[in-house]
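None of the values given here were measured: they were computed from a predicted structure. All values below were derived from every heavy atom in this structure, side-chain atoms included, with hydrogens, water molecules and symmetry-related copies excluded.
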Amino acid sequence: MSPITLLMFLFVYFGILLGVSYFTSRKTADNATFFVANKSSKWYMVAFGMIGVALSGVTFISVPGAVGVSNFSYFQFVLGNALGFLVIAYVLLPLYYRMNLTSIYTYLEERLGHKSYKTGAMIFLVSRTIGSAFRLYLVAIILQKFIFDAWNVPFGITVAGCLFLIWLYTNKGGLKTIIITDMFQTFCLVLAVVLSIYFMADGLGISVLEAFERVKESSYSQIVVWEDLLGDRNHFWKHIVGGAFVTIAMTGLDQDLMQKNLSMKTIGEAQKNMLTFTGIFVVINLFFLAVGALLYIYVAEKGIDVSMLRTPDYLYPEIALNHLSIAAGVIFMMGLTAATFATTDSALTALTTSYCVDFLDFNKAKDPNAKALVRKRNIVHFAFSVVMLVVILIFRLLNDDSVVTAIFTAASYTYGPLLGLFAFGILTRKKVNDRLVPYFCILSPIIWYVLNTYYIIPYTSYRIGFELIVYNGLTTFLLMWVTSPGKLPREEHSVS
């Protein structure tokens, strides 16, 4: 496919986003608008838009690619996610609304102490920065390969241009803008998945309904894995338990997605949002898996040699951009762009909110919407864009998939301690030795990394899957428990 065609599409796409930004922020662009959208978001808009944020560009290309190895077993993890979303709706959201929070980490200061609060907020800043940079990095490689290499544009310019455009359309309206752009980008994402199925079915000379029947009858459609509980990372219970706790930690304890839930007027609307979002999330993941199965069926029937692909992640872009029609290639790029930038713009806004509230104390100011604070927020927002650029360029400099993936995995370890902090505050009436908490949050991931790398993998048949976050969080919880100086008076425990 011609790079100029894809580039023209990107210009049109960003033009739409900039137009949305103008209309959503032309009347007001204060901190209340940026942080919580003036508490006026509609739950059904947020529910639909959150899909684009939850499904990153990495998911867009990785879930279909992984079907060739693990069939539909990923859907077990999705079902675990759904259970986690229910816990968020009926346990965490009532807590956040009762305390009227802007940053969810403010809860940790009220319940555990100042150092616990700063530790939780810093975990989010580091984890989300690395995680979002990693996601954008992987997709930027595809943009570079299929578009910008044709004009010898340096990779750094490609990434800087993407981040600048994201900064441009989120800088004034913040969350208020993102609520609308997320809806648009989710629509593009869903449309891309549905049309990808249509284009592959058309290429195979069958209808869409026949394509789904082919997927159902294929070996790829196997969902449940019951064999080898210890040795298989894809075992049903590992995916269910891991999926639930990963969702609680990386969604319910993450400022990014929770910021959208806190932008609604009432807890009831926020809960309706979560339940609706959960239903859409489950269905759209089934479509992603169907795309994956069809990709492998298409490759087999057309005799396409994909043995030279470095990773299964490249299968979807390879087929869409080099073996289907121009329309299919544009549709694929639309979905990939939507998934990637919905995640990145949301992350930049959440990182800015957390830093301004948790470290610059905007919520304690007499007038949080003062012009001086708005200017300071703009500086923070731009600074996080630069930080993300630097992190992506470091990934590129390493130029080693195993090293980069290890860094991303290390970032995912940190959500375990965050799970431990909130669990300790909500489930117990015990005091915490606040000055030790930062050390516990560093020690816990180290313990499990050493155990897994040097003892569990070499000497046992057990293979840790997504349930790692449970072990990590439990270790943090137990360290806080054994060093606790006693119980809180009942009135002080009321925040949990």
Inset, instruction - Could you check whether the rings of Phe382 and Trp167 sit parallel, tilted or perpendicular, using 30° and 60° as the cut-offs? - result: perpendicular
Inset, instruction - Quick one: do Phe187 and Phe48 satisfy ring pair (Phe, Tyr, Trp, His ring centres under 6.0 Å)? Show the steps, please. - result: CA-CA 8 Å; Phe187 173 78; Phe48 185 69; 7.5 Å; no
Inset, instruction - Report yes if some heavy atom in the side chain of Lys42 is under 4.5 Å from a heavy atom in the side chain of Asn273; otherwise report no. - result: no
Inset, instruction - Classify the side-chain pair His381/Thr170 by whether it contains a donor and acceptor separated by less than 3.5 Å. - result: yes
Inset, instruction - Please name the residue in the list Phe72, Tyr298, Tyr296 that meets the ring-ring contact (aromatic ring centres under 6.0 Å, His included) test with Tyr220. - result: Tyr296
Legend entry - Contact check, side chains of Leu163 and Leu136, non-hydrogen atoms, under 4.5 Å: yes
Inset, instruction - Check Leu93 against Ala270 and note the closest heavy-atom contact, atom names and distance. - result: CD1-O, 3.8 Å
Legend entry - Check: Val208 main-chain N/O paired with Glu210 side-chain donor or acceptor under 3.5 Å: no
Inset, instruction - Would you mind reporting whether Pro317 and Ile61 have side-chain heavy atoms less than 4.5 Å apart? - result: yes
Inset, instruction - Verify whether one side chain among Tyr44 and Glu269 offers a donor that lies under 3.5 Å from an acceptor in the other. - result: no
Legend entry - Modelled atom types, side-chain donor and acceptor of Ser307 and Asp305, under 3.5 Å: yes
Inset, instruction - Return yes if a side-chain donor-acceptor contact under 3.5 Å exists between Trp43 and Thr276, otherwise no. - result: no
Legend entry - Val241 side chain near Val470 side chain, heavy-atom distance below 4.5 Å: yes
Inset, instruction - Apply side chain to side chain contact (heavy atoms under 4.5 Å, CB included) to Ala133 and list each qualifying residue two or more places apart in sequence or on a separate chain. - result: Met388, Val391, Ile392, Phe395
Legend entry - Minimum heavy-atom distance Gly335-Ala192, with the two atoms named: CA-CB, 3.5 Å
Inset, instruction - Please examine the side chains of Leu275 and Leu86, heavy atoms only from C-beta on, and report whether any two atoms are closer than 4.5 Å. - result: yes
Legend entry - Tyr449, OH: over 12 other non-hydrogen atoms inside 6.0 angstrom: no
Legend entry - Min side-chain heavy-atom separation Gln185-Leu17 under 4.5 Å: yes
Inset, instruction - Check whether more than 12 heavy atoms from other residues, nucleotides or ligands sit under 6.0 Å from atom CZ of Phe14, and answer yes or no. - result: yes
Legend entry - Ser70 side chain vs Val67 backbone, donor-acceptor pair below 3.5 Å: no
Inset, instruction - Answer yes or no: does atom NZ of Lys272 have more than 12 heavy-atom neighbours from other residues, nucleotides or ligands under 6.0 Å? - result: yes
Legend entry - Verdict with reasoning, Phe277 to Phe85, per ring pair (Phe, Tyr, Trp, His ring centres under 6.0 Å): CA-CA 9 Å; Phe277 161 76; Phe85 290 135; 4.9 Å; yes
Legend entry - Heavy-atom neighbours of Tyr471 OH exceed 12 at 6.0 Å: yes
Legend entry - From Leu418 atom CG to Ile123 atom CD1, the distance as rounded to the nearest 0.5 Å: 5.0 Å
Inset, instruction - Mark yes when over 12 heavy atoms from residues, nucleotides or ligands other than Phe245 sit less than 6.0 Å from its CZ; otherwise mark no. - result: no
Inset, instruction - Enter the distance from Trp448:CH2 to Leu474:CG here, rounded to the nearest 0.5 Å. - result: 8.5 Å
Inset, instruction - Determine yes or no for a side-chain-to-main-chain donor-acceptor pair under 3.5 angstrom, with Asn285 supplying the side chain and Val78 the backbone. - result: no
Legend entry - Check: Arg128 side chain, Asp256 main-chain N or O, donor-acceptor pair, under 3.5 Å: no
Inset, instruction - Would you indicate whether Tyr462, at its atom OH, is surrounded by more than 12 heavy atoms from other residues, nucleotides or ligands within a distance under 6.0 Å? - result: yes
Legend entry - Check: Thr247 main-chain N/O paired with Asn81 side-chain donor or acceptor under 3.5 Å: no
Inset, instruction - Verify the neighbour count for atom CZ of Phe184: are there more than 12 heavy atoms of other residues, nucleotides or ligands below 6.0 Å? - result: yes
Inset, instruction - Measure the spacing between CG of Leu295 and OH of Tyr316 and express it to the nearest 0.5 Å. - result: 7.0 Å
Inset, instruction - Keeping the roles fixed (side chain from Gln222, backbone from Ser219), state whether a donor-acceptor pair exists under 3.5 Å. - result: no
Inset, instruction - To the nearest 0.5 angstrom, please state how far the CZ atom of Arg135 sits from the CD1 atom of Ile130. - result: 11.5 Å
Legend entry - Centroid separation Phe155 to Phe148 less than 6.0 Å: no
Inset, instruction - Please check if any side-chain donor atom of Asn261 sits under 3.5 Å from a side-chain acceptor atom of Gln271, or the reverse. - result: no
Inset, instruction - First locate atom CG of Asp345, then atom CG of Leu165, and finally report the distance between them rounded to the nearest 0.5 Å. - result: 11.5 Å
Legend entry - Under 3.5 Å donor-acceptor, Gln259 side chain and Asp254 backbone: no
Inset, instruction - Kindly say whether the aromatic ring centers of Tyr415 and Phe124 come within a distance under 6.0 Å. - result: no
Legend entry - Side-chain H-bond candidate by donor/acceptor type, Gln255 with Thr353, under 3.5 Å: no
Inset, instruction - First locate atom CD1 of Ile326, then atom CZ of Phe9, and finally report the distance between them rounded to the nearest 0.5 Å. - result: 14.5 Å
Legend entry - Pairwise side-chain contact, Tyr169 with Val20, heavy-atom cut-off 4.5 Å (strictly under): no
Legend entry - Donor + acceptor pair across side chains of Tyr74, Asn234 (<3.5 Å): no
Inset, instruction - Could you tell me whether the side chain of Lys238 and the main chain of Phe77 form a donor-acceptor pair under 3.5 Å? - result: no
Inset, instruction - Taking the side chain as every heavy atom from C-beta outward, state whether Phe199 and Phe332 have any pair of such atoms under 4.5 Å apart. - result: no
